[in-house]
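Each remark here refers to the structure printed beneath this line.
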Amino acid sequence: MSTNRVAVVEQNLDDYLQQARPAARLLAPDEPLRAGSRLTARKARELFEDMYLSRALDVAARELKRTNEGFYTISSAGHEHNALVAAQLRTTDPCFLHYRSGAFMNARVRMLDGATPTFDTLLSFTASADDPVSRGRHKVWGSREAWVPPQTSTIASHLPKAVGAAFSLSRARRLGVESPLPEDAIVLCSFGDASANHATALAGVNAARYAWRRMNPTPVLFLCEDNHIGISVETPSRWVRDTFGRLEHLRYFEAKGELDEVWDGIALAIEACRTNRQPTFLRLRCHRLWGHAGTDVEAAYLSRERIEEVESREPVLRAAMRLVETGAANPADLAALVRETRARVIAASREAVTRPKLTQVAEIIAPLAPEDTAAWRTAACAPIDPPQRRVIFGDKLPEAQTQPTRRTLGARINDALHDEMIRRREVLVFGEDVGRKGGVYGITQFLQARFGRARCFDTLLDETTILGVAQGAAQLGLLPIPEISYLAYLHNAIDQLRGEACSLQYFSAGQFQNPMVVRIAGLGYQKGFGGHFHNDNSIGALREIPGLMIAVPSRGDDAVRLLRACLAAASGSGRVVVFLEPIALYHERDLHTAGDGLWLSDYPVSDGTPESALMPGEVGVHHPEHDQVLIVSYANGLRLALRAAARLAAQGVRARVLDLRWLAPLPHAAVREHADQCGAVLVADECRATGAGIADALIARLAEEGYRKPLRSVRGVDTYIPLGAAAHVVMLSEDDIVNAAEELVR
Ligand SMILES: Cc1ncc(C[n+]2csc(CCOP(=O)(O)OP(=O)(O)O)c2C)c(N)n1
């Protein structure tokens, strides 16, 4: 068997077009291919152009790989019928795409003036900095003008955000948030048949059905491009239909057969989705040509007969046959089109390889973490409309002077959420139990009653969905504050932050954003729930995510000012921010002795002064007059460190305490400044020894910068947190801090 199946498939098309006889009568441009079909001859010829262009680009991709000038060979060959979907959507229907979407994109950008899909695609294959989507960072299918947020070749991870976008179409409108999309827009999300089994895909479909069941318009069209195989593993026959074809709250359609039949099948699905605003599933029969990617030798797991059978059914050849047989085109014209397309693609690929590549670190990472602290501060500190505050807070303004105002961390976060929802009408607060109950710890209390169910609502029990919905909502102009009720619950869903939310600006060169502030209740020491899962002192998985910002308040007044900065960074620069709340301090009132009330705080009003917010790098300093040892900490560790400092003072050791407040980016400059003013540095890192990297990072930085004074760290033990008293054996303690500080100064 010839190992070059690319050449075989190309030859099959050429052979057919050479020997085919024109139909007895050519169709007029507006005539349908078959009586009753909605596909006209003109449209069918356009589709063939888009489909064959995709094929020629796939051929070029393999040639570029062979000459080591191109870097991507996951092809669209055999999936070209997806062009028929694109051609029946509008460019104002957002699309989250499968990686085999070459023909889809050609048909979609055809609707835009001046689009250059051939060259754009070649620039992306060759990882050129001129690639208009990712600017050389990855091969992605995407387009700002055509509303296609880029996806890398991840599988299934885009379904939840597509559902979030569909859900948010009407939600944004209802809240008066300006929408660039028309009222009857729908959201398309495509994926493969093997990917349809992925937990994230099932989460997406489930979330869409659930949202619809709860009477939320959710016009998402799930397009399953079913080629019956995932890399080498065959999908059982009828699996997709068996799995998705009989679900309540999901309309199900199939499209297969000849070009015009596929067209008409797709039309029904799109129409149903657009008209009913209901989640809709469309199975599109596809055939995968040439293996999973250029590196995959299909012959290793598929028989020759099977490969040839697929080649005989492939959609470009079938489309050519259908066009010729129906008289929509004559074979000579199609042959000329094929020849001309091949020549054009080859010429463009020669040009593409000469285009610049990314070479500088600064250039590569520029869109990863855009920062504009001056603008963030202005936005974060601006006064909030007094009449609106009076409506929401009544006579109980959080800063009211007429009564004792000092309140706990939890209460202050709640106050700040109120203020931010007043300030920004696009803010949504959602998660498990945040609505009617007001959160497990009461942090979102009253928000639903005061701002309505459209702005503060309970979600289904799935963190992947929560973070997916946040992304979709954010892409449509809303500013989500999703809540993850416990830090340990994040881990089943962290790909939504790591692989998706934080990578969007990077892979779209800043053209798409999904700003959000994810509130996560976490860390150890809490008295209500013991044991692992509700106590989790490990944040390494967050700290390593490129571009993610992490703020960690420990006191109420700080929390208010940090939350403002987080929202301003999200809103102003599209940043994804985690606001990590130490559960054990939510309702803490005291610092040293019962009843001292030193962990309560007043409410810092947003009054236009720069102190109304705390930007990255702005640390908290306690006992600045002390200089014997600097104790650097955060969250629960701050409270332990302050208590330890008091004990140390009684023993004549003068400890200054620095609260990091931001764990990403870490405030290295501020730490260095105070370290220089003190005789030693002790990092009190409440996370387990390898679970945060805070102590590692700070000490390494000081050491590398030539800090010559004594350095030490104390940390939690590397273990899950056990139940009961055993927890205190493995978590960082006040004694650990006191002992280490004493040793340091001795
Ligand atoms: C989370 C994850 N697991 C596994 C993979 C590896 N992988 C990439 S594509 C693929 C097969 C997908 O098959 P299917 O969904 O049928 O799409 P097709 O490639 O056939 O179009 C696999 C297993 C991946 N990219 N991501």
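Counting starts at 1 for both ligands and their atoms, following the listed order. These values consider heavy atoms only, across backbone and side chains, with no hydrogens, waters or symmetry-generated copies.
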Exercise for review: Could you list the atoms of ligand 1 found under 4.0 angstrom from a heavy atom of Tyr99?
Suggested key: 9 (S), 10 (C), 11 (C), 12 (C), 13 (O), 17 (O), 18 (P), 19 (O)

**Study point:** Proximity of His98 and Phe191 rings by center, below 6.0 Å
**Key:** no

Exercise for review: Please say whether Ala194 places an N or O atom under 3.5 Å from an N or O atom belonging to ligand 1.
Suggested key: yes

Review point. Do any heavy atoms of Arg100 fall under 4.0 Å from ligand 1?
Key: yes

Practice item. Answer with yes or no whether His198 contacts ligand 1, where contact means a heavy atom under 4.0 Å from a ligand atom. Key: yes

Review point. Are any of the side-chain nitrogens in Arg55 or Glu314 under 4.0 Å away from the carboxylate oxygens of its partner?
Key: yes

Practice item. May I ask you to check whether over 12 heavy atoms, not counting those of Arg45, lie within 6.0 Å of atom CZ? Key: yes

Practice item. Below 4.0 angstrom from a heavy atom of Gly192, which ligand 1 atoms are there? Numbered from 1 as shown, please. Key: 14 (P), 15 (O), 16 (O), 17 (O)

**Study point:** Salt bridge flag under 4.0 Å for residues Glu225 and Arg100
**Key:** no

Check your understanding: Are Arg274 and Glu271 within salt-bridge range, i.e. N to O under 4.0 Å?
Key -> no

Practice item. Of the side chain and backbone of Asn227, name the one, both, or neither that has a heavy atom under 4.0 Å from an atom of ligand 1. Key: side chain

Exercise for review: Answer yes if the ring centres of His532 and Tyr720 are under 6.0 angstrom apart, and no otherwise.
Suggested key: yes

**Study point:** Pairing of Asp193 and Arg285 as salt bridge, 4.0 angstrom limit
**Key:** no

Review point. Going by the atom numbers of ligand 1, which of them fall below 4.0 Å from some non-hydrogen atom of His98?
Key: 17 (O), 18 (P), 21 (O)

Point to revise | Atoms in ligand 1 with a heavy atom of His79 nearer than 4.0 Å | key: 21 (O)

Review point. Can a non-hydrogen atom of Phe191 be found less than 4.0 Å from any atom of ligand 1?
Key: no

Review point. Quick one: which ligand 1 atoms are inside 4.0 Å of a heavy atom on Ser195?
Key: 12 (C), 14 (P), 15 (O)

Revision key, fill the gap. Closest heavy-atom approach to atom 3 (N) of ligand 1 among Asp296, Ile155, Thr235 is made by Ile155

**Study point:** Residue Ile231 vicinity, atoms of ligand 1 by number, heavy atom under 4.0 Å
**Key:** 7 (N), 10 (C), 11 (C), 22 (C), 23 (C)

Check your understanding: Do Arg306 and Glu311 meet the salt-bridge criterion of a basic N to acidic O distance under 4.0 Å?
Key -> no

Review point. Is the ring centre of Phe533 less than 6.0 Å from the ring centre of Tyr489?
Key: yes

Check your understanding: Where's the contact between Ile229 and ligand 1, heavy-atom distance under 4.0 Å: side chain, backbone, both or neither?
Key -> backbone

